[in-house]
S.K.: 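Mind having a look at this structure? Questions to follow.
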Protein chains: 2
Amino acid sequence: MSQDKIITIYDIAEKLKLSPSTISRGLQNNTAVNAKTKKKIFDTANEMGYRFNTFARNLRTQNTNTIGVIVPRLNSYFISAVLAGIEKVINGAGYNMLISQSLESSEKEVEYTKTMMHNRVDGLIVTLAADTTNFDHFLPFVKHHIPLLFVDRVIDDENYSKVVIDNSKSGYDATTHLIDQGCKRIVHITGNTLRNVYRDRKLGYEKALIDHGIPVDHELLFETDLTEVSALKSVVKILKMNPLPDGLFVSNDFCAAICLKKLKQAGIKIPEDMAIVGFNNDTTSRITDPALSTINYPGQEMGEAVATNLINCLSNKDISAKAQTIVLKSELIVRESSFRREHKPIKL
Amino acid sequence: MSQDKIITIYDIAEKLKLSPSTISRGLQNNTAVNAKTKKKIFDTANEMGYRFNTFARNLRTQNTNTIGVIVPRLNSYFISAVLAGIEKVINGAGYNMLISQSLESSEKEVEYTKTMMHNRVDGLIVTLAADTTNFDHFLPFVKHHIPLLFVDRVIDDENYSKVVIDNSKSGYDATTHLIDQGCKRIVHITGNTLRNVYRDRKLGYEKALIDHGIPVDHELLFETDLTEVSALKSVVKILKMNPLPDGLFVSNDFCAAICLKKLKQAGIKIPEDMAIVGFNNDTTSRITDPALSTINYPGQEMGEAVATNLINCLSNKDISAKAQTIVLKSELIVRESSFRREHKPIKL
DNA sequence: ATAAAATATGCAACCGATTGCATATTTTAT
DNA sequence: ATAAAATATGCAATCGGTTGCATATTTTAT
């Protein structure tokens, strides 16, 4: 049974009558240390239950092997898929992950960004909170040349690296599909258009309408917080409209699913009376009845992409590396909630 | 514009013609430092853009202000709710959170437990992987008196603190409710019964059958991995049964939702022909049609409870504190998928 | 006015690993 | 046998804070 005490290289050095330097080098598999000595060191370290002290090492080497991640919330399918992707790559490369959730509050985002700095993370990955408009809290990272990358909800500035999907195109595709299916009055329910994701989807929606000769009617645009409550309110509003809209494009599957269910309960036939397209391809979208058409949003891949990019930044000493924007493929998935007739872009 | 250099207390000391000790104490708001001096120190620190170095501090103080969390996977509604709860409490108490996902692999769980030890986390919170049977990797935490707590999927050992729900009672309640609704042949689809959560739900299911004079039929018990694929296979198996089961208790809402949808497509009326109860109260359960009865599983609260308990362990120097098991309330929520007639325990 | 107490600051060791440089030892070449 | 080269190990400074103890300064009490 080994001791209760935490073993350091000094303990190993004493036991083997060697200097701490040799132990340190031995454990790092440094070629300057004799093979036999090395073996002895490894064996003794194991036997004594040695674990290196991350802090002493970090203090000396000035890097922490830790990546900070700030997301708006942890309990979301999309976010957790992104995190799973980040975690996979990060841990595979021997890094750890420090996570905070801003809870959509810009204030907390600022605070946690500071904490990440304190903790000397080697890099930071951020998905912006809904209401962040000032980005000064990220400047220290730029100043200290600490890689800072954004994913999904990003800063509209070419100087930052980011991973996104083409939200504008996706919004366009979703809307065009609804038009293809014969919709003429299409409601769009979306989130805070301050953020690129919702703003761009809206732009895509409007462009699709214009391109197909349908006037943009601001009565049909609902900017909400995409919660269940908002969904219910939106349904009430829709049901009061005259004439009733015949298409619905919602920026989020959960919200779309709630609308679908409530509209159905109100006697509206989906997709005959109203065709619906969601966004995200959450598991939710396969469970509604009828199944929800949606935009496939590759959360895990986005996480993997941003993490891979970050790891590359860290291994390349090449500080001159330019900021880059990676756009991952998103695609319309047509399911029952919007499928009225065979038309151009059909996928199942 | 401040410098590019990272500022240390030595820089502040030099600028103010004070010793680093005074700066250190000043920044800690130590009463030994004169109020005016303190003010000067804080102002200068701000002005110079000082950020304390976590590692130097940790190395000296021998604690890291970091809590490790190991979960089976990040992309799950339940887990992300638990994490959100943990994060809330942990960050509120000034700690950071280091997260790893074992991806249900015992091997990775062992590896990440070691990493957490290396990183000298002040405490560790674990939800066990599906196939972990040997728990020796946790012994170093016990040996070094580092608080180790489990949540949801736990070790069956009174010496460890944990936060759980009464899975056995919940299984009993779900099954009894189905029996109340007139079900006689109830299929139970569950996960790996090596883990307490699935084992106990199964035990509750069996006890309810026995208590109501219904024989336990092992043909009706499906031990699966609760994925979509398993759900589909289970449905095929159910449809081949003769006579058809009239009740279905599934240990997971997503899996239950898939079953519900497929059974409905096969022409089975829910709940008339087959009543269904899920588990978790995922958002999913409100979206199915008919809405899914389920067990409300307070993920966020469980996270908050386990984190609060951990923080208490850390602030009490009292090492003698006994291991405790916290059982949070879980409850049956009856929705349309199982509601045939008014009966004893009705909740909406 | 002087001693005692309270307050404020500094010195220097320490946490545990890393690493440039110096030194000791062994091997190889002449 | 001796010098040169290669190999192996050690010394000591360093990373940036923290803290016990000593010392200097000011305040209070007698």
Side-chain angles (χ1 to χ4, degrees), chain A residues 3 5-42 44-45 48-66 94 115 117-122 144 146, chain B residues 3 5-42 44-45 48-66 94 115 117-122 144 146:
Chain A
Q3 309 265 347
K5 183 178 174 302
I6 290 181
I7 305 297
T8 71
I9 54 169
Y10 297 91
D11 301 315
I12 304 178
E14 195 178 4
K15 186 151 185 180
L16 291 179
K17 306 276 175 239
L18 284 169
S19 77
S21 336
T22 304
I23 307 299
S24 174
R25 278 191 270 255
L27 290 170
Q28 289 174 79
N29 220 341
N30 189 311
T31 50
V33 179
N34 184 290
K36 280 176 198 163
T37 313
K38 238 188 259 181
K39 170 131 178 43
K40 240 188 324 188
I41 292 173
F42 276 119
T44 311
M48 298 177 78
Y50 169 77
R51 298 262 169 259
F52 70 79
N53 183 315
T54 312
F55 304 101
R57 172 177 292 179
N58 290 345
L59 177 57
R60 179 62 222 239
T61 61
Q62 301 284 37
N63 71 337
T64 64
N65 258 49
T66 300
T115 305
M117 192 74 191
H118 277 193
N119 279 73
R120 300 288 198 274
V121 292
D122 290 343
H144 293 303
I146 300 168
Chain B
Q3 309 263 345
K5 184 177 172 301
I6 290 181
I7 305 297
T8 71
I9 53 169
Y10 296 93
D11 301 316
I12 303 178
E14 196 178 5
K15 185 148 185 182
L16 292 179
K17 305 275 175 240
L18 284 169
S19 77
S21 337
T22 304
I23 307 301
S24 173
R25 278 190 270 257
L27 291 169
Q28 289 173 80
N29 220 343
N30 189 313
T31 51
V33 180
N34 184 290
K36 281 178 197 161
T37 314
K38 241 188 258 181
K39 169 126 178 44
K40 237 188 325 188
I41 293 174
F42 276 119
T44 312
M48 298 177 77
Y50 170 78
R51 299 262 169 260
F52 69 80
N53 184 318
T54 313
F55 303 101
R57 171 177 292 179
N58 291 345
L59 178 58
R60 180 62 222 238
T61 59
Q62 300 285 34
N63 71 336
T64 64
N65 257 48
T66 299
T115 304
M117 192 73 193
H118 276 193
N119 279 74
R120 300 286 198 275
V121 292
D122 290 344
H144 293 303
I146 300 167

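Residue numbers begin at 1 in each chain, while the letters A, B, ... track the order of the sequences.
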S.K.: Does S21(B) put a side-chain nitrogen or oxygen below 4.0 Å from OP1 or OP2 of dG10(C)?
M.R.: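 Result: no.
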S.K.: At less than 4.0 Å, is any side-chain N or O atom of T22(B) found next to OP1 or OP2 of dG10(C)? Yes or no.
M.R.: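 Affirmative; the distance criterion is met.
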S.K.: Think T37(B) has a side-chain N or O under 4.0 angstrom from the OP1 or OP2 of dA8(C)?
M.R.: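 For dA8(C), OP1/OP2 do not have a side-chain N/O of T37(B) under 4.0 Å.
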S.K.: Just to confirm, is there a sub-4.0 Å distance from OP1 or OP2 of dG16(D) to any side-chain nitrogen or oxygen of Q62(A)?
M.R.: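 For dG16(D), OP1/OP2 do have a side-chain N/O of Q62(A) under 4.0 Å.
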S.K.: For T64(A) and D122(A), which I'm curious about, is there any donor-acceptor pair between the side chains at under 3.5 Å?
M.R.: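 Judged by distance alone, the side chains do pair up.
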S.K.: With a distance cut-off below 6.0 Å to the six-membered ring centre and an angular limit of 45° from the axis, does R120(A) pair with F55(B) as a cation-pi contact?
M.R.: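 Ring-cation test returns no.
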S.K.: Check this one for me: any side-chain N or O of Q28(A) less than 4.0 Å away from OP1 or OP2 of dT19(C)?
M.R.: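 For dT19(C), OP1 or OP2 has a side-chain N or O of Q28(A) closer than 4.0 Å.
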S.K.: Counting side-chain heavy atoms from C-beta on, which of dC11(D), dG20(D), dG17(D) comes nearest to R25(A)?
M.R.: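 Among the listed nucleotides, the one closest to the side chain of R25(A) is dC11(D).
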S.K.: Between S24(A) and dT18(C), does any side-chain N or O lie under 4.0 Å from OP1 or OP2?
M.R.: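 Yes, S24(A) has a side-chain N/O under 4.0 Å of OP1/OP2 on dT18(C).
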S.K.: In degrees, rounded to 10°, what is the bend between the two ends of the helix from dA1(C)-dT30(D) to dT30(C)-dA1(D), using five pairs at each?
M.R.: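 Answer rounded to 10°: the end axes differ by 40°.
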S.K.: Among dT19(C), dG17(D), dG16(C), which nucleotide sits nearest the side chain of T8(A)?
M.R.: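 Ranking dT19(C), dG17(D), dG16(C) by closest atom to the T8(A) side chain puts dG16(C) first.
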S.K.: Nearest of dG16(D), dG10(D), dA17(C) to any side-chain atom of L18(A)?
M.R.: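 The listed nucleotide nearest to L18(A)'s side chain is dG10(D).
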S.K.: Among the nucleotides dG16(C), dG10(C), dT9(D), which one has an atom lying closest to any side-chain atom of A32(A)?
M.R.: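 Within the option list, the nearest is dT9(D).
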S.K.: Could a donor-acceptor pair under 3.5 angstrom be found where the side chain of R57(A) meets the base of dT18(C)?
M.R.: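 No such pair is found, so the answer is no.
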S.K.: Working to the nearest 0.5 angstrom, can you tell me the gap between R57(B) CZ and N63(B) CG?
M.R.: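 It comes to 9.5 Å.
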S.K.: Where the side chain of Y10(B) is defined as all heavy atoms beyond and including C-beta, which of dT9(C), dG10(D), dG17(D) is the nearest nucleotide?
M.R.: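 Nearest listed nucleotide: dG17(D).
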S.K.: Given atom CG of N53(B) and atom C1' of dA17(C), what is their separation to the nearest angstrom?
M.R.: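 Rounded to whole Å, this separation is 14 Å.
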S.K.: Given dA8(C), is OP1 or OP2 found less than 4.0 Å from the side-chain N or O atoms of N34(B)?
M.R.: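 Checking dA8(C) against N34(B), a side-chain N or O does come within under 4.0 Å of OP1 or OP2.
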